[in-house]
Amino acid sequence: MKIVIIGGVAGGATAAARLRRLMEDAEIVILERSGYVSYANCGLPYYIGGEIKEKRELALNTPESFRRRFRIDVRVRHEVTEIDPARRLLTVRRLEDGGQYQESYDKLVLSPGARPVLPPISGTDLERVFTLRTVEDTFAMDSFIREKSPRSAIVIGGGFIGLEMTENLMRRGIAVTLLQRSGQVFPPFDEDMAALLHRALREKGVDLRLHTEIAGLCSAENGVIAQQKDGTELEADMVLLSVGVEPDSSLAKKAGLRLGRRDSIRTDSHMRTSDANIYAVGDAVEVTHFVTGQPALIALAGPANKQGRIAADNIAGIPSEFHGSQGSSILKLFDWTAAATGINEKEAKRQGLVYDKAILCPSSHASYYPGAKPLTMKVLFEKPSGRILGAQILGSEGVDKRIDVLAAAIRGRMTAEDLTELDLAYAPPYSSAKDPVNMAGYVIENLLSGLVRQVHWSEVEEWTVGEQTDGEQAETLRAASLADDAAGRLPFLLDVQTAGEYDRGHVKGAVNIPLDELRGRLNEIPQDRPVYVYCWSGLRSYLACRILSQHGYDCCNIAGGYGFYQKTRG
């Protein structure tokens, strides 16, 4: 059998190696448009930043090593221009000399990946304007930085590449202005969690500009001018376009293969396309989202490698299926790590799911052991089942461990109760006896059982304005609540921080009764009004709610506490 693979990165390279392990006698050919195969495209920004120092470290294999170890014919700088499914023929162009030839196949694997989206503006082809997809792109940018010594850069787009390149350009001493068309960076996060990233970026000196759309790019003397739609202009020595990626499916489309969302290649669970002899894997393929069961585009290396293996198994006669992706991802951003898995609130609302969210702020390990760092965790769960739907975590330590546990929990369709029962490794330098993942389960369990009720800061903001005086806020409260609360049951905002914490920061209009004084001062809290309680992190306010509810108060804990409010509104 002759198997040809178009694309030699991630899914394509994995499929080739797996095929050889299963089919020693097969003829296997990889056709790769760039000059490199099996390279670490996720590592490209770190070469720019100098973390990865040697060019050879970017390539996991070379055409020569593939031939020596796997007896696979790897042809770089070979671009497939046409697929003829009826005749099982490919038209191939040698990019070195422009010559063309035809290549036959018995089975074909498409692994073309995703290409950077170029915004519909002028100037994207300027000499000082870059995109980052291939090793060649990386070397071109690195050479420019070495030769031209740019002092400023504009990064357009705040996704994975935009954020990673922002950090790594700054590691090279280049001041970065990061432009984002929407109101947040890092799409896997919801707006509240992304606000924490905005704060981190600005603290590191990034000139972050949200709600900024570019109308065009033009040359300046030794630089590039970015013309904004509002008429203002920004100038920098270089520009990186990172506004997203789209499936590189032009070959599949020309060949008449069935397409899915945004012209992605549609396959069955065996990674087989609408043509029985053609398989497709990687970033160009439409997948099923594991949580929602709906079609999705998830351009990540992990799923691409799994799909390559599954396609190879099926070609070799081993039944194997891909059961969907849940988008588990992680990002290093200066001193912070941001990670997500499953769905966020935006997607939950689009799908019409009945859900709620737990927000907690535990420590990365036992707080009494030196060096514990704060984590901010947001966990979405289905109501009333308690099934875990998604998670977002930000912190400087211990993020990867928790997101991986939660990703496994989602894959296992676990509930909050299951999280509480997970037997996770504990020693003071690494965790707490009740790991943050266990704690997320406990919080959700308390909510589902009715042991505590919660409100979110977005709900509180409907009737409170933090910058008003206490008297002004009372008037706002009355006006905002009149229609819904004719009986005058206005919420009573209770701050149970210590007096010192309260003095350092609190919501205007809140009454401060420290938790440890609460039982002796219950007479200061009206029983004919709802009581909304907060502390710094949400733990002491939960304890306060347990006290108050058992004394007959209508009490709600404000999720995430004042710390979350301050960081997401700052």
Side-chain angles (χ1 to χ4, degrees), residues 155 157-160 162-167 170 176 178-212 327-348 357-364 372-380 390-403 406 436-437 439-440 443 454 456-461 466 501 504-507 534-539 541 558-570:
V155 175
F160 284 95
L163 292 172
E164 289 171 346
M165 283 301 300
T166 292
E167 176 184 357
M170 291 187 72
V176 175
L178 176 58
L179 308 181
Q180 174 65 29
R181 183 173 63 176
S182 70
Q184 71 162 86
V185 301
F186 199 54
F189 271 14
D190 287 311
E191 287 186 14
D192 50 3
M193 293 293 288
L196 304 176
L197 285 175
H198 301 162
R199 174 186 287 262
L201 285 163
R202 289 173 171 135
E203 286 176 352
K204 289 294 183 180
V206 177
D207 183 2
L208 173 62
R209 305 190 186 192
L210 304 173
H211 301 291
T212 301
S328 299
S329 57
I330 194 164
L331 169 79
K332 177 187 178 299
L333 188 63
F334 298 105
D335 303 327
W336 297 88
T337 300
T341 186
I343 61 172
N344 56 25
E345 284 200 77
K346 295 187 286 287
E347 186 60 27
K357 56 198 174 187
I359 297 171
L360 57 159
C361 304
S363 295
S364 58
K373 304 292 177 62
L375 297 170
T376 301
M377 300 175 60
K378 180 177 183 178
V379 182
L380 272 62
Q392 302 160 47
I393 310 178
L394 181 69
S396 58
E397 185 180 286
V399 173
D400 52 345
K401 172 180 177 177
R402 275 68 189 213
I403 204 68
L406 288 164
V437 173
M439 290 302 302
V443 171
Q454 73 174 4
H456 298 281
W457 284 110
S458 58
E459 300 168 69
V460 175
E461 285 179 328
E501 289 175 312
R504 287 192 292 272
H506 64 271
V507 177
Y534 72 87
C535 64
W536 178 258
S537 67
L539 175 58
S541 52
I558 303 180
Y562 183 72
F564 187 71
Y565 176 82
Q566 186 186 62
K567 292 172 186 173
T568 57
R569 304 314 193 273

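None of these values were measured; they are calculated from a predicted model.
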Non-hydrogen atoms of [X] and [Y] that approach each other most closely:
{"X": "V379", "Y": "A440", "result": "CG2-CB, 4.1 Å"}
{"X": "V443", "Y": "A358", "result": "CG1-CB, 3.8 Å"}
{"X": "Q180", "Y": "G158", "result": "OE1-N, 2.7 Å"}
{"X": "L375", "Y": "S363", "result": "CD1-O, 4.2 Å"}
{"X": "R569", "Y": "S458", "result": "NH2-N, 3.8 Å"}
{"X": "P187", "Y": "N344", "result": "O-ND2, 3.3 Å"}

Drop me the distance from [X]'s [atom1] to [Y]'s [atom2], to the nearest 0.5 angstrom.
{"X": "F564", "Y": "T376", "atom1": "CZ", "atom2": "OG1", "answer": "7.0 Å"}
{"X": "L333", "Y": "E164", "atom1": "CG", "atom2": "CD", "answer": "9.0 Å"}
{"X": "F186", "Y": "L201", "atom1": "CZ", "atom2": "CG", "answer": "11.5 Å"}
{"X": "L163", "Y": "L178", "atom1": "CG", "atom2": "CG", "answer": "6.0 Å"}
{"X": "Q566", "Y": "W457", "atom1": "CD", "atom2": "CH2", "answer": "10.5 Å"}
{"X": "T341", "Y": "I403", "atom1": "OG1", "atom2": "CD1", "answer": "5.5 Å"}

- [ ] Hey, could you give me each pair passing salt bridge (Lys or Arg N to Asp or Glu O under 4.0 Å) that has a residue in residues 331-343? Not counting sequence neighbours.
- [x]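 Passing the test, one end in residues 331-343: E167-K332, K204-D335.
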Task: Evaluation steps, side chain to side chain contact (heavy atoms under 4.5 Å, CB included), between H456 and K357 - done: CA-CA 9 Å; H456 298 281; K357 56 198 174 187; 3.3 Å; yes
Let me check something: any side-chain donor-acceptor pairs from residues 188-196 under 3.5 Å, sequence neighbours excluded? List them with distances.
residue : atom : partner : partner atom : Å
D190    : OD1  : E345    : N            : 3.1
D190    : OD1  : K346    : N            : 3.4
D190    : OD2  : E345    : N            : 3.0
D190    : OD2  : K378    : NZ           : 3.1
D190    : OD2  : Q392    : NE2          : 2.9
D192    : OD1  : K378    : NZ           : 3.0
D192    : OD2  : K378    : NZ           : 3.1

Task: Test salt bridge (Lys or Arg N to Asp or Glu O under 4.0 Å) applied to D400 - qualifying residues, sequence neighbours left out - done: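 By the salt bridge (Lys or Arg N to Asp or Glu O under 4.0 Å) rule, D400 matches no residue at all.
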Task: For R209, salt bridge (Lys or Arg N to Asp or Glu O under 4.0 Å) partners two or more places apart - done: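 R209 satisfies salt bridge (Lys or Arg N to Asp or Glu O under 4.0 Å) with D207 only.
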- [ ] Sequence neighbours left out, what passes side-chain contact (heavy atoms from CB on, under 4.5 Å) with E397? Give chain and number order.
- [x]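 Result, side-chain contact (heavy atoms from CB on, under 4.5 Å) vs E397: S364, H365, K373.
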Task: Residues that V437 engages under side-chain contact (heavy atoms from CB on, under 4.5 Å), provided they are two or more places apart - done: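 If we apply the side-chain contact (heavy atoms from CB on, under 4.5 Å) test to V437, skipping adjacent residues, the hits are R402, V405, L406, L419, L422, L424, D435.
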Task: Side chains of F334 and M170 in contact at under 4.5 Å (non-hydrogen atoms) - done: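 Answer yes - side chains close enough.
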Task: Main-chain N/O of V185 paired to H198 side chain as donor or acceptor, under 3.5 Å - done: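 Yes; at least one donor-acceptor contact below 3.5 Å.
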Task: Heavy-atom donor-acceptor pair, Y534 side chain to V507 backbone, under 3.5 Å - done: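 At least one qualifying donor-acceptor pair exists.
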